[in-house]
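Here is the structure we will look at.
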Amino acid sequence: MPDYDPKTIEEKWQKRWEDEKSFKVEADPSKPKYYLLEMFPYPSGRIHMGHVRNYTIGDALARFKMMKGLNVLHPIGWDSFGMPAENAAIQNKSHPDTWTHDNIRAMTAQIKRLGLSYDWTREITTCEPENYQWNQWCFLKFMERGLVYRKNSEVNWCESCNTVLANEQVVDGLCWRCDNEVVPKQQEGWFFKITDYADRLLEGCKDLAGGWPEQVLTMQKNWIGKSTGAEVDFQIKDSKESIKVFTTRPDTLYGATFMVLAPEHPLTVSLSRGTAQEKTIDAFIKEVKSQDKIARTSEGGEKLGVFTGVHAVNPLNGETIPIWTANFVLMDYGTGAIMSVPAHDQRDFEFAKKYDLPIRVVILPPDGNTNADDLKEAMTELGPMTQSGVFDGLADDEAKLKVCAHLQSKKIGKATVQFRLRDWGVSRQRYWGTPVPIIFCEKCGTVPVPYKDLPVILPLDAQLGDKGQSPLKTLDSFINVPCPKCKAPAKRETDTLDTFICSSWYFDRFTSPHEKKAPFSKDSNRYWMAVDQYIGGIEHAILHLLYSRFFHQVFRDMGLVASKEPFVHLLTQGMVIKDGAKMSKSKGNVVDPDHIIDRYGTDTARLFILFAAPPTKQLEWSDQGVEGSFRFLKRVWRLFEGSKNIFDSKPVGDDTGAELQIKLKELRRMIHVTIKRVTEDIEKRMQFNTAIAAIMEFVNHLQKFFEGEMNHTHDPSTKGQALFKEAMETLILLLAPFAPHITEEMWEQMGNKGTTLKAGWPEYNEEYLRTDEIEIVIQVNGKVRQKLSVAEGIDEESLKAKSLEDPRIQEWTDGKEVKKVIVVPKKLVNIVVK
RNA sequence: GCCGAAGUGGUGGAAUUGGUAGACGCGCUGGAUUCAAAAUCCAGUGGGGGCAACCCCGUGCGAGUUCGAUUCUCGCCUUCGGCACCA
């Protein structure tokens with residue numbers, strides 16, 4: 001009997017899949033489609049277990065859907081622009097392009113060893129002009145739609161990466177990529193107006209509920225950060241000017257006892273001119289500017305402020321209130337100015353206490369005490385308005401609405417909405433990215449590169465500076481270009497685009513990767529999109545997933561795509577850890593996928609990864625667990641080899657009859673129970689671990705059956721042989737999505753012509769799931785006291801009687817009063833006694 | 001502080017709609033096979049008590065609802081993740 005030899009089997013089938021282009025697909029409107037996508041990799045050099053897990057989960061699902069008869073699009077590509085290529089190039093005195101392509105070659109070889117069902121004819125590499133030209137196209141199209149602008153602003157600057165970062169790329173004040181501190185810097189740059197879509201991106205979260213993990217939706221909602229409230233104009237005393245504030249609590253307007261401007265607010269300086277406070281203000285602004293931004297915006301930070309020397313008028317009660325400036329008011333949120341209601345806002349309360357500013361209670365507390373001196377902290381809950389003139393007694397939403405209506409009628413304010421989301425800064429002062437398709441002309445100003453001149457090619461004959469300075473900024477052949485409008489000498493923009501633009505629409509490109517006239521074909525897109533199942537890490541919960549949703553909305557407005565959202569279902573796979581920590585070189589707990597495959601084969605690696613934990617949970621790597629999976633496959637192989645001689649048998653007669661022996665009936669039941677369990681675990685619950693557990697149980701049963709019934713010295717029945725063969729076929733097909741190579745080999749050796757993919761997914765028959773006798777649990781006062789075997793169709797009364805008659809049960813009910821008997825059909829009987 | 005997820009044997013994890021807690025695997029113990037080992041197979045394996053049949057306890061902690069709670073409610077504890085001087 002030949003041993004299980006994964007190496008030979010896996011190489012054979014991988015070659016065959018490749019030769020026969022088994023996973024190549026075309027759009028076919030007559031067939032139902034399924035688009036399965038794993039987040040495409042960055043070509044860092046080698047794949048790690050995180051990749052393997054990601055792709056294995058995707059592949060199992062893709063193969064399952066293929067077997068189910070769906071037209072499955074399962075593509076792969078390379079997210080190949082970005083900083084690591086530059087850093088590596090500097091280190092190795094190489095070129096980002098060389099490094100990137102070497103890595104892609106190496107990783108392709110690794111990925112191919114995993115036996116994944118990719119349509120390699122659709123492979124895309126984002127750093128190739130035929131792909132990145134469409135980033136430029138998008139930039140220009142977005143610009144036409146008013147969604148792109150250039151501004152000089154304070155941006156997030158990473159000193160180590162030498163570039164600007166988007167807000168989403170700053171994590172706890174540190175660069176998402178290199179963990180260096182991010183500093184503010186004045187910088188000219190390009191922005192995408194993602195804020196125009198804030199409301200739609202938020203609304204879209206409702207459509208995604210159910211399909212996306214709640215955690216990710218919460219993070220997106222938090223990031224967008226919608227607040228509803230009002231804008232109110234406060235007249236500056238003895239002036240025509242007014243200050244606009246944003247508040248979420250218009251119902252507390254009567255309690256505004258002072259105002260605070262952000263130090264950066266233009267009025268802070270201008271108002272103080274000519275007052276006694278002038279010098280104090282200037283010194284204060286200087287002090288705040290020198291303060292660390294993170295320290296300033298963290299809650300523990302000390303609240304500091306000074307009086308501007310000027311007063312404003314509360315528009316509702318006409319009261320004169322002082323205008324202050326303070327570090328806790330931020331210029332980039334709301335209007336950069338607030339009305340302070342110390343009685344009902346904790347920050348305002350602390351500030352008022354510190355600087356001895358007046359406090360007035362205008363929302364009635366539950367105890368009715370409106371004496372501000374008794375307040376220990378701000379009363380932030382909603383409640384009826386008080387000390388608020390005609391509004392007294394109104395509460396909650398109604399109060400807010402009435403105040404807003406009043407403000408609007410007096411033209412001193414209105415209901416409005418604020419978002420936390422900021423526009424997306426897409427300029428990068430780096431080389432290895434998509435050149436921004438813009439030309440600066442002294443006469444014509446900022447001129448977009450005409451579509452016919454696309455792509456603006458990233459010159460590959462340039463060398464990076466030793467600190468990573470972009471050579472584009474000094475490369476004459478790149479910079480100097482005639483103005484497209486007036487033909488006078490002009491200069492190219494030397495910034496490149498954020499790499500996240502590449503990943504914001506690559507899934508659209510996959511639907512028609514060789515399209516020459518557009519980023520993607522509308523027809524192909526209409527057929528394949530949206531992505532039915534997207535799989536990737538939680539680290540993209542905001543960044544990539546928000547940007548992609550934004551692109552999709554814009555494409556939708558442009559009439560390019562039809563679906564509402566790009567990704568219907570999202571699965572965020574858990575991390576792979578070892579010895580309680582994430583695998584990392586520094587911890588020395590990295591397990592190299594290649595070594596595992598060399599030793600056990602891909603099927604074992606795949607099986608272990610899918611079996612050890614549900615896809616969304618973190619996976620603890622266990623070498624012994626891998627051994628276990630290997631052992632299981634060896635057992636399957638042995639069972640197969642040992643029973644080969646009976647596979648020639650042809651079924652004789654009808655094996656569905658009641659005359660089947662008990663053991664055969666039980667085997668038939670196991671076949672159908674297992675099909676049901678595996679199918680539902682994959683399809684409804686995406687829980688591969690329990691699906692595999694069910695297959696293991698099936699194998700255990702088959703093994704016992706084989707040894708007991710098939711291996712007798714006397715002739716086994718023909719019916720038994722036929723049913724056993726059916727069981728083995730079922731086993732192979734059910735196992736195929738998880739361990740595709742070994743199953744394909746067995747399938748072929750059984751004499752089947754096509755592949756398991758063509759064979760289709762087994763169906764179960766409800767009727768065969770039934771048993772004649774079922775086990776009923778008998779409880780007394782909720783505790784299991786007996787188990788009875790009864791006929792499947794037993795009626796409630798007989799079951800009750802049978803339970804009460806049972807001697808073991810009577811020991812418990814003896815001398816007690818039976819209060820109630822609860823019968824759960826086909827499950828249990830609970831006898832309540834006292 | 002707010003929002004979200006989680007907490008089950010020695011271990012990874014099961015228990016799908018409130019109905020037998022611990023499926024399946026790993027590890028461990030004992031046995032078979034072997035000159036021996038590897039491999040394989042068989043049996044056992046939550047804790048405590050008992051010769052045994054069985055009994056008691058047990059899903060982070062404390063209450064509650066229920067005939068019955070790992071599952072639902074309330075209050076805590078711990079861990080992880082996100083947001084946060086956001087007006």
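Only heavy atoms go into these numbers, but all of them, side chains included; no hydrogens, no water, no symmetry mates. Reminder, nothing fancy here: chain letters follow the sequence lines and each chain counts from 1. For clarity, every value in this text was computed on a predicted model and none was experimentally measured.
Base orientation of B:G48: anti (glycosidic angle beyond 90° from 0).
Pairing of B:U73, defined by two Watson-Crick or G-U wobble distances under 3.5 Å, is identified with B:A63. Pairing for B:G30 is with B:C42, a Watson-Crick or G-U wobble pair whose two hydrogen-bonding atom distances lie under 3.5 Å.
Applying the side chain to side chain donor-acceptor pair (under 3.5 Å) criterion to A:S227, with sequence neighbours excluded, gives A:Y333. The side-chain contact (heavy atoms from CB on, under 4.5 Å) search around A:A605 returns A:I596, not counting sequence neighbours.
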Are there any protein N/O atoms within less than 3.5 Å of an N/O atom in nucleotides 45-52 of chain B, and if so, which ones and at what distance?
none

Review item, nucleotides 4-10 of chain B N/O atoms under 3.5 Å of protein N/O:
none

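Taking side-chain N and O atoms only, A:R808 has no distance below 4.0 Å to OP1 or OP2 of B:C55.
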Which parts of nucleotides 21-26 of chain B does protein reach within less than 4.0 Å, heavy atoms only, written one letter per nucleotide 5' to 3' as B for base, S for sugar-phosphate only and - for none? --BBSS

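Within 3.5 Å, no donor on the side chain of A:K820 pairs with an acceptor on the base of B:C67, nor the reverse.
Applying the salt bridge (charged side-chain N to carboxylate O under 4.0 Å, His left out) test to pairs two or more places apart or on separate chains, none has a residue in residues 773-783 of chain A.
The distance from the CZ atom of A:F698 to the OG1 atom of A:T730 is 5.5 Å, given to the nearest 0.5 Å.
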